[in-house]
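Below is one structure; the comments refer to it alone.
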Amino acid sequence: MNGNNGIKGLLLCFVLACGHAQAAQDYDDMSRRELKGLAEQSRKQVQEDGSDGWQTEKMAVDNEVISGRWNSVPFQTRFFDYPPEKLKARWGELTRAIRVPYPSPEYLQKRIEYFPALKAELGPDFNGDYEALSAGILHAWRLFFRGDFRAAKEQGARYGAFGKLPAYLAQCIYAVYLTDSRTEKIELLEDVANQITDYVDVLKALKEEPAFQEDYMMLRLGYAFAIARIAEEATPLEALMNNYLFKVSHAIDDTLAIDPGHPVALAMQAVKDANIIRFVGKLLGRLTFGARLSRVEDGFAASFAQEDDLAIVHYEYANSLIYINRNRDIYQALEAFNKAIGIHPVSAMEALDSMYAAKRMQEIQDYYLNYGQSFRSFERERREYMETTDENLYNVLREPFLVSRYVQNQDGYINASMTP
């Protein structure tokens, strides 16, 4: 699944009806006692609501957005095309971030025969031909790795739960990096989130069976990634009141309990702590949310020890350095961005990770060299711009947000950004 990667979305929660600006103001006005009380309420709800933190209710989505036109990747897909024999040979390399098991006929049969619901969804015409099922699912993965995201979704969705894995991973990667608007991005992620409601009972059963815990961990991590991504579009108060924080924490803890050395899970835990410190500071972050500064550095160090060539982890490390130390570690952060940009991608997803790292680096360089105000002020201007334009600033097809130019002429900058 950048910050990604993980299964890039298997959950989304409701965003509060209150406006972003008002929520941000309410958050700033809260006392430490009020914030701690809200945090405890959120923690208790996640622990005691019986869902184990999984998505259980479907949300309304705009089908016109879901079925509308999708942008193409900004490179030739042939660069990342793996025919069947190459796909199998390079599977471990291609999935080293998400650690998805190879969907061989034997792998699929063992799971689908064990869970009647998974077999039933293949329909009455399924004759037990797991060779054909494996081939169909692997073709969806081939389309995903090369960046034919719409085709990957349509192909995978025809092959049950294990086909939906590449199908909706493709939709999530597309939503994050290629959608034009934040609204479109969230709609697509919410649509993916709805898919998990059909599998909650199976997911819980996977955790109880040692032979299937690898499958559970993979999906659990994707779940955590999805909430973390939607939380980035919310204010801190919204993120807390929607229980994003503790759902992410619970999912990461589950993942690391199964695989303590999972590189993306370790990085996600570090990113989570960095974001908490970013919003509430080191002391309150530790006392109220359990965030620790040491775990940020240690988590990334452990992640890099496992896999050092994941662009998403390096650019999240850069972001985290800025969040916890602001200007002090700016050069170290820029070095991490450069590392992310320079990694040779082996799939379309990894190429998009590196492209976003390049875009984010330009934004941070402009902030540091030309803005002259606090990082909090920079983030406030950035959020204002997003709310005004509805632009998805993760979109690698659009120009980076340059705060120094924005504050000089806001109307002109907005008009230029909205001109096709």
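In this text the structure is predicted, and so the values were computed from the model without any measurement.
- Counted within 6.0 Å of CD on Q332, heavy atoms from surrounding residues, nucleotides or ligands total more than 12; the atom is thus considered enclosed.
- Checked against the 6.0 Å centroid criterion, the rings of F149 and W70 do not qualify as a close aromatic pair.
- Using modelled atom types, one finds a donor on one side chain and an acceptor on the other under 3.5 Å when comparing Y177 with D353.
- Ring centroids of Y371 and F375 are separated by 6.0 Å or more, keeping the two rings apart.
- Taking both residues in full, the closest heavy atoms of G136 and Y159 are given as CA-CZ, 3.7 Å, listed atom of the first, atom of the second, then distance.
- To the nearest 0.5 Å, atom CG of residue L122 and atom CZ of residue F162 are 10.0 Å apart.
- Between R376 and R278 the shortest heavy-atom distance is NH2-O, 4.4 Å.
- Looking at residues two or more places apart in sequence or on another chain, you find a salt bridge (Lys or Arg N to Asp or Glu O under 4.0 Å) between R90 and E93.
- Classification of E154 and R150 as a salt-bridged pair holds, one side-chain N sitting under 4.0 Å from a carboxylate O.
- Ring centroid separation for the pair Y317 and F304 comes in under the 6.0 Å cut-off.
- Side chains of D366 and S404: a donor-acceptor N/O pair is present below 3.5 angstrom, by distance only.
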Going through the distances and angles, do F300 and V271 end up as a side-chain contact (heavy atoms from CB on, under 4.5 Å)?
CA-CA 9 Å; F300 278 112; V271 170; 3.6 Å; yes
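- Y413 and Q408 are not linked by any side-chain donor-acceptor pair at a separation below 3.5 angstrom, with hydrogens and angles left out of the test.
- The salt bridge (Lys or Arg N to Asp or Glu O under 4.0 Å) contacts involving residues 158-180 comprise E121-K164, where partners must be two or more places apart or lie in separate chains.
- Among all heavy-atom pairs drawn from P74 and L178, the shortest one is CD-CD2, 4.3 Å.
- For the atom pair CZ (F75) and CZ (F79), the distance works out to 9.5 Å, reported to the nearest 0.5 Å.
- For the pair I343 and D308, the tightest heavy-atom approach, listed with the atom from each and the gap, is CD1-O, 4.2 Å.
- Put simply, CE on M349 and OG on S354 are 11.0 Å apart, with the number rounded to the nearest 0.5 Å.
- For the pair E350 and R96, the salt-bridge criterion is met [side-chain N within less than 4.0 Å of a carboxylate O].
- Using cut-offs of 30° and 60° on the angle between ring planes, the pair Y102 and W91 is perpendicular.
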Quick one: do L206 and Y114 satisfy side-chain contact (heavy atoms from CB on, under 4.5 Å)? Show the steps, please.
CA-CA 10 Å; L206 286 172; Y114 191 88; over 6 Å; no
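- The two residues I252 and A265 come nearest to each other via the heavy atoms CG2-O, 3.9 Å.
- If you run side-chain hydrogen bond (donor to acceptor under 3.5 Å, both in side chains) between D81 and each of R146, Q76, K86, only R146 comes through.
- Using a cutoff of 4.0 Å between basic side-chain nitrogens and carboxylate oxygens, E379 and R382 are not scored as salt-bridged.
- Taking a cutoff of 4.0 Å between a charged side-chain nitrogen and a carboxylate oxygen, D273 and R292 do not qualify as a salt bridge.
- Here the CG atom belonging to L94 is positioned 6.5 Å from the CG atom belonging to L87, to the nearest 0.5 angstrom.
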Determine whether V200 and K204 satisfy the following criterion, side-chain contact (heavy atoms from CB on, under 4.5 Å), listing intermediate values before the conclusion.
CA-CA 6 Å; V200 170; K204 291 181 178 180; 3.8 Å; yes
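- With values rounded to the nearest 0.5 angstrom, Q155 atom CD is found 6.0 Å from L143 atom CG.
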Would L169 and L165 count as a side-chain contact (heavy atoms from CB on, under 4.5 Å) if you check the C-alpha gap in whole Å, the side-chain angles of each, and the deciding distance to 0.1 Å?
CA-CA 6 Å; L169 176 55; L165 196 56; 5.9 Å; no
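- E335 CD: 12 or fewer foreign heavy atoms inside a 6.0 Å radius.
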Run D191 and Q171 through side-chain hydrogen bond (donor to acceptor under 3.5 Å, both in side chains) and show every step you take.
CA-CA 9 Å; D191 178 61; Q171 181 165 322; 3.0 Å; yes
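- Partners of D198 by salt bridge (Lys or Arg N to Asp or Glu O under 4.0 Å), not counting sequence neighbours, listed by chain and number: K58.
- Heavy atoms only, all atoms of each residue included: A211 and K110 are closest at CB-NZ, 4.1 Å.
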Does the pair E391 and R182 meet the rule for a salt bridge (charged side-chain N to carboxylate O under 4.0 Å, His left out), with working shown?
CA-CA 6 Å; E391 181 178 336; R182 293 171 73 218; over 6 Å; no
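- Looking at Q213, E214, R220 one by one, the single match for side-chain hydrogen bond (donor to acceptor under 3.5 Å, both in side chains) with Y216 turns out to be R220.
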Test side-chain hydrogen bond (donor to acceptor under 3.5 Å, both in side chains) on N392 and S181 and set out the steps.
CA-CA 5 Å; N392 171 23; S181 72; over 6 Å; no
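- Checking S134 against Y107 by side-chain atom types alone, no donor-acceptor pair falls below 3.5 Å.
- Residues F378 and Y367 place their aromatic rings such that the two centres sit under 6.0 Å apart.
- If you take CZ on R142 and OG1 on T77, they are separated by 10.0 Å, rounding to the nearest 0.5 Å.
- You'll find the ring centres of F115 and F212 inside the 6.0 Å limit.
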